[in-house]
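All of these numbers come straight from a predicted model, not from anything done at the bench.
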There are 2 protein chains.
Amino acid sequence: MRLVIARCTVDYAGRLAAHLPAATRLIMVKADGSVSVHSDGKAYKPLNWMNVPCDLRTSPGEWVVTNPKGETLTITIEEVHLDIEHEMGQEPGLQKDGVEAHLQELLAARPEAVADGLKLVRREYPTDIGPVDLLCRDANGGAVAIEIKRRGEIDGVEQLARYLERLDLDGRLRPVRGIFVAQQIKPQAQVLAMARGIKCVEVDYDQLRGEDTGRLTLF
Amino acid sequence: MRLVIARCTVDYAGRLAAHLPAATRLIMVKADGSVSVHSDGKAYKPLNWMNVPCDLRTSPGEWVVTNPKGETLTITIEEVHLDIEHEMGQEPGLQKDGVEAHLQELLAARPEAVADGLKLVRREYPTDIGPVDLLCRDANGGAVAIEIKRRGEIDGVEQLARYLERLDLDGRLRPVRGIFVAQQIKPQAQVLAMARGIKCVEVDYDQLRGEDTGRLTLF
DNA sequence: ACGTTGAGATTGCCG
DNA sequence: CGGCAATGTCAACGT
């Protein structure tokens, strides 16, 4: 990784046009070739950047980064305050726990946590516009489509409504009920769900994980 | 700005839980107090971070960053390879050109670029579920609602459809036609728009800006 | 390669 | 402060 602190101006031309007047900034060049320009605020996003794949050509006063899409990032360097290079070695990678996929796993194992009597038919049940998170049958044998989100917002309700439209075309499933499940569901999403005839259920991830005694592995 | 290169492990506990095994990484502490941990890849996003507002407490082998929401970022430092501090001074800020707001300005000034005979009634015409980008009248006096996106996707069509539903409740406007305008409209969005009776129009930003001879200021 | 979806999305705006 | 929409969203995954 190369770190340069320099007084510079920056111009980006690509999906939009952007310009940075002269000031002192950090320029970071990573081993993968990506370049980013940071100010001393606006954490954590750089002011300008170019992602891999890209090509960096440096001359004394000007760095030009181009990518195959024809976008360019031009850094005009007026004065260099620091210029160091450091080997970072291998990155073992980030381990995560608690994302939507885990919530889906837990609910697939215990659909009765959403509503009494539910039995799982299939996870990621396919429709021609994408897969429904869970397809279940209720105690009466009725089909139930479940969309799971970490946070329930209006888009998620629309998404489930589209799936329901499609599933209802299948005579073996019709009529299909919809349940929108999330750790937290925003009021607007609840209102829209109500209007679409979709039930809302809020679940607690930590509680679910606790009840799922089979897999208590957190790292 | 403080830059530290060190062999470290990192743990984040908050909206999810995440862990980074020991490796050499860059730790960036900005003047606003934000902290980010970068590897030598994965441009340009840090592996872990904590945004302002947050509080950083450093002891020789362990840095703990907390925020008011109760999230914590713990950096355990095994070996320091570099530790520098540098004053960056004032950041003048980023100037952008070519975002959706500009496209809306240009089309508000020349609605006939969308369809012949259109006259603007109002930009950001309010409905009870949010403002429509442009409300126009066509040559026959019929109301036309226009939703503008930089890139036209399925969500934008749904959004316009919701607005049309609302506008059609207003006797002074009914019936309201919908036009979905973007620089590029994805095929799926076109199909959905067709099904909803919404017309699609693709426009060219550079051409629009060129024809708008009044404001040729690009920086 | 393309499309879809999730993300600790972030960020800015407006109520 | 909360809801909403844009973002050069990015990045992962499935077809």
Side-chain angles (χ1 to χ4, degrees), chain A residues 10-18 34 36 41-52 54 65 67 69-73 94 96-104 124 126-133 147-151 153-156 158-159 162-163 182-184 186-189 191, chain B residues 10-18 34 36-37 41-52 54 65 67-73 94 96-104 124 126 128-133 147-151 153-156 158-159 162 182-183 186-189:
Chain A
V10 185
D11 285 279
Y12 164 75
R15 278 171 275 190
L16 54 65
S34 63
S36 53
K42 293 288 188 87
Y44 57 85
K45 196 173 182 181
L47 295 164
N48 282 108
W49 68 93
M50 191 71 84
N51 281 350
V52 357
C54 67
V65 195
N67 74 5
K69 283 180 283 188
E71 303 176 350
T72 63
L73 184 70
L94 185 64
K96 289 185 181 184
D97 178 72
V99 292
E100 182 190 297
H102 299 157
L103 198 54
Q104 193 191 115
E124 301 287 349
T127 77
D128 55 357
I129 56 167
V132 180
D133 286 340
E147 178 66 29
I148 301 168
K149 294 283 179 213
R150 231 166 24 85
R151 289 180 326 197
E153 299 180 22
I154 210 162
D155 284 2
E158 297 273 31
Q159 191 183 344
R162 287 197 297 269
Y163 290 144
Q183 291 181 71
Q184 255 195 325
K186 296 203 175 183
Q188 294 242 353
V191 170
Chain B
V10 184
D11 284 279
Y12 164 75
R15 278 171 275 191
L16 55 63
S34 64
S36 52
V37 180
K42 293 287 187 92
Y44 55 86
K45 197 172 182 181
L47 295 164
N48 283 108
W49 68 93
M50 190 71 84
N51 280 351
V52 32
C54 66
V65 195
N67 75 5
K69 281 180 283 188
E71 304 176 350
T72 63
L73 183 70
L94 185 64
K96 288 185 183 183
D97 177 73
V99 293
E100 181 192 294
H102 299 156
L103 197 55
Q104 193 191 116
E124 302 287 349
D128 54 358
I129 55 167
V132 180
D133 286 340
E147 178 66 30
I148 301 167
K149 295 283 179 209
R150 216 168 40 82
R151 290 178 325 196
E153 297 180 24
I154 210 161
D155 285 1
E158 299 271 31
Q159 192 184 341
R162 288 198 297 270
Q183 290 180 75
K186 295 201 176 183
Q188 294 243 354

message: If the condition is salt bridge (charged side-chain N to carboxylate O under 4.0 Å, His left out), which residues does B:Glu71 pass it with, not counting sequence neighbours?
response: B:Arg15
Take atom [atom1] in [N] and the same atom in [M], then report the distance between them in whole Å.
{"N": "C:dT4", "M": "C:dG8", "atom1": "P", "result": "22 Å"}
{"N": "C:dA7", "M": "D:dT7", "atom1": "P", "result": "22 Å"}
{"N": "C:dC14", "M": "D:dG8", "atom1": "C1'", "result": "24 Å"}

Could you tell me the separation between the [atom1] atom of [X] and the [atom2] atom of [N], rounded to a whole number of Å?
{"X": "A:Asp133", "N": "D:dC13", "atom1": "CG", "atom2": "C1'", "answer": "14 Å"}
{"X": "A:Gln184", "N": "D:dG2", "atom1": "CD", "atom2": "P", "answer": "10 Å"}
{"X": "A:Glu124", "N": "D:dA12", "atom1": "CD", "atom2": "P", "answer": "18 Å"}
{"X": "B:Gln159", "N": "D:dG3", "atom1": "CD", "atom2": "C1'", "answer": "14 Å"}
{"X": "A:Lys96", "N": "C:dA7", "atom1": "NZ", "atom2": "P", "answer": "8 Å"}
{"X": "B:Leu16", "N": "C:dG6", "atom1": "CG", "atom2": "P", "answer": "15 Å"}
{"X": "A:Lys186", "N": "D:dC1", "atom1": "NZ", "atom2": "P", "answer": "14 Å"}
{"X": "B:Lys149", "N": "D:dA5", "atom1": "NZ", "atom2": "C1'", "answer": "7 Å"}

Who passes side-chain contact (heavy atoms from CB on, under 4.5 Å) against [X], sequence neighbours left out?
{"X": "A:Gln184", "result": "none"}
{"X": "A:Glu153", "result": "A:Arg151, A:Lys186"}
{"X": "B:Asp133", "result": "B:Glu100, B:Gln104, B:Glu124, B:Glu147, B:Ile148"}

- request: Identify, with sequence neighbours excluded, every residue that meets side-chain hydrogen bond (donor to acceptor under 3.5 Å, both in side chains) alongside A:Ser34.
  value: A:Asp32
- request: Would you mind classifying the nucleic acid contact of A:Glu153 as base, sugar-phosphate or nothing, using non-hydrogen atoms under 4.0 angstrom?
  value: nothing
message: Taking any heavy-atom pair under 4.0 Å as a contact, classify A:Glu147: base, sugar-phosphate, or nothing.
response: sugar-phosphate
- request: Take nucleotides 10-15 of chain C nucleotide by nucleotide from the 5' end and write B, S or -, depending on whether a protein heavy atom sits under 4.0 Å from the base, only from the sugar-phosphate, or from neither.
  value: SSS---
query: Where the side chain of A:Met50 is defined as all heavy atoms beyond and including C-beta, which of D:dG8, D:dA6, C:dT4 is the nearest nucleotide?
result: D:dG8
message: If you only use heavy atoms from C-beta on, which nucleotide in C:dG8, D:dG8, C:dT5 is closest to the side chain of B:Asn48?
response: C:dG8
- prompt: Between A:Pro187 and B:Glu100, which has a closest nucleotide on DNA chain D that is more 5'?
  reply: A:Pro187
task: Consider only side-chain N and O atoms of B:Lys149 and B:Gln159, and report whether a donor and an acceptor are under 3.5 Å apart.
output: yes
query: Which atom names give the shortest non-hydrogen contact between A:Lys96 and B:Leu16, and what distance separates them?
result: CD-CD2, 4.1 Å
